[in-house]
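This one's a predicted model, so the numbers in the text were calculated from it and none came from an experiment.
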Amino acid sequence: MRKFTTLFFVILLFLGTGCSAVHKTTTPTLFETTRVSEEASKTYVVRFVDVFCDKTPVTEQLINDAIIRSLAIKINPLSRVDDMDDWYVFTHAGVHWKDNNTLQIEVKKSLRENGQEVQWLVRTYTADVQLHHDMKDKKYEVRITPNRIVCETASPEYYQYMPDDEYVPSKCNLTNVFPAPWGKYDVAVATALKGTLQDFVDENKNGVYYTRLANSSYNKHVSGNPHFIREKFAAYLADEREGAVVNKGGVFFADKQLVQIVDSVDGVTFMWDIALQEEVGLTEVKRSEHVAEWTILVLTKKYVDAL
C-alpha cells in the first residue's frame, strides 16, 4: 500500500510537471544596457522674477509646464524618418515628468516594415530639477542637472539590423571616434536641457507664461458701394494674410468667424466682439498661440480705419 501511494504521487508530480512544460511560454530576452553619457554632467542654473509683467505670481506648476513645453521643442529635431532599403527607421523623442523632481527623456528608434514595427531601441535619459523660491529677493531659481547614467533597452534582434547602435566601450576607446552613434543623442539632450533654461531669461522667447482670454471689439461703418468695398477688402486681405476667407458673412479663419461684414444701403459695417488667447510672460504679453487670428483683426482694423 505504501509503495502504491508513493507511485501515485510520483505519477501526479510527473503529470503536473509535464502540464507546466506544455503551457510554459518563453519571453524573448530584451537587451538592456546601462552606460555613462558621452556628455559631461553639468548643472544649469537660471534665476528670474517671481511675478509676471501684470504682477500675477509665478507658480511652480507654471514653471514645470514651461520646462516640459520648451524641452519638447528643443528635442523635437531628434524626431525623424529615415529610409533604409527594405524598411523605415522612425525616431521619436518625448519628455515627461518621472516624478516631482525628475525629468525623463526617451528617444525611441522604431524599425518598420510594411507599416509594422519590426525592432526597436529606447534610450532613456533623466535629469534632476530643483526649484527654489527666494521670497526675500522675489526670485525663483531653477537648477537642472542631467544624470550621466543612460539606459538603453532594445528588442531581441535590434542590433542585428542596426549593429552601429550597439554600445561597445572598447571599440569606442580604440577608434576614438566622437560623436559615436549613441554620443550624438547624449550631446543633443544635454544641449536641449541647457537651452530650455535659457528660454526663461530670453525676452524674445517668453518661456514662462500663463494664458488668459483678451477681449477685442470693433465697429465701424464705411460709406460707399457695398460690392466695391467688399471686393477691395477681400483682395487686400488675401495679399496680406493667406488662410483668411472673406465671404458674404464676414472674415473666417480655420472655420471660425472673426469679423462680421454687414451691408446697408449706403455702405458696409465691419464689426467684431471676440475673446482670443494671449500669453502673459515675465516681461511682456505675447499672442503667439493665436497669432493668425490676432493679425487678421489688426490688418482689418488698419484697412478699414484708412478708408
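The aromatic rings of F233 and Y303 are tilted relative to each other, their planes meeting at an angle between 30° and 60°. Ring pair Y140/H133 is parallel by interplanar angle, where below 30° counts as parallel and above 60° as perpendicular.
Other residues, nucleotides and ligands place more than 12 heavy atoms under 6.0 Å from the CG atom of D99. Annotation for H92: atom NE2 does not count as buried by contact number, only 12 or fewer foreign heavy atoms lying within 6.0 Å. Annotation: K286, atom NZ; neighbour count of heavy atoms from other residues, nucleotides and ligands within 6.0 Å is above 12.
Of the possible donor and acceptor atoms, none in the side chain of R80 sits under 3.5 Å from a partner among the backbone N and O of V89. Under a 3.5 Å cut-off, the side chain of R143 and the backbone N or O of D128 do not form any donor-acceptor pair. The main-chain N or O of V259 is found under 3.5 Å from a side-chain atom of Q257 such that the two form a donor-acceptor pair. T295 contributes a side-chain N or O that, together with a main-chain N or O of V291, makes up a donor-acceptor pair within less than 3.5 Å.
With hydrogens and angles left out, the side-chain atoms of N64 and E60 include no donor and acceptor closer than 3.5 Å.
Proximity of Y209 to E289: side-chain heavy atoms (C-beta onward) are separated by under 4.5 Å at one or more points. Using a 4.5 Å cut-off on side-chain heavy atoms (C-beta onward), Y218 and I274 make no contact. Using a 4.5 Å heavy-atom threshold, the side chains of S79 and T91 count as separate. Under the 4.5 Å side-chain criterion, counting only non-hydrogen atoms from C-beta, F48 is in contact with I63. Two residues are said to be in side-chain contact when any heavy atoms from C-beta on lie closer than 4.5 Å; L258 and T300 fail this criterion. The shortest distance between side-chain heavy atoms of W97 and T102 does not fall below 4.5 Å.
Heavy-atom minimum distance, S216 versus W294: CB-CZ3, 4.0 Å. Smallest separation of non-hydrogen atoms from V46 and F200: CG1-CD2, 4.3 Å. Nearest approach of L78 to A188, heavy atoms of both residues: CD2-CB, 3.7 Å. Considering every non-hydrogen atom in both C53 and T283, the closest pair reads CB-C, 3.8 Å. Among all heavy-atom pairs drawn from E284 and N206, the shortest one is O-OD1, 3.7 Å.
We find that D186 and R123 are not joined by a salt bridge, their nearest charged nitrogen and carboxylate oxygen being 4.0 Å or further apart. For the pair K108 and E117, the salt-bridge criterion is met [side-chain N within less than 4.0 Å of a carboxylate O].
Looking at residues two or more places apart in sequence or on another chain, you find a side-chain contact (heavy atoms from CB on, under 4.5 Å) between T191 and V187.
For residues 204-227, the salt bridge (charged side-chain N to carboxylate O under 4.0 Å, His left out) pairs, not counting sequence neighbours, are D54-R212, R212-E278, K220-D305.
The six-membered or imidazole ring of Y210 lies near that of F52, with a centre-to-centre distance under 6.0 Å.
The structure places OG of S37 at 14.0 Å from OH of Y185, a figure rounded to the nearest 0.5 Å.
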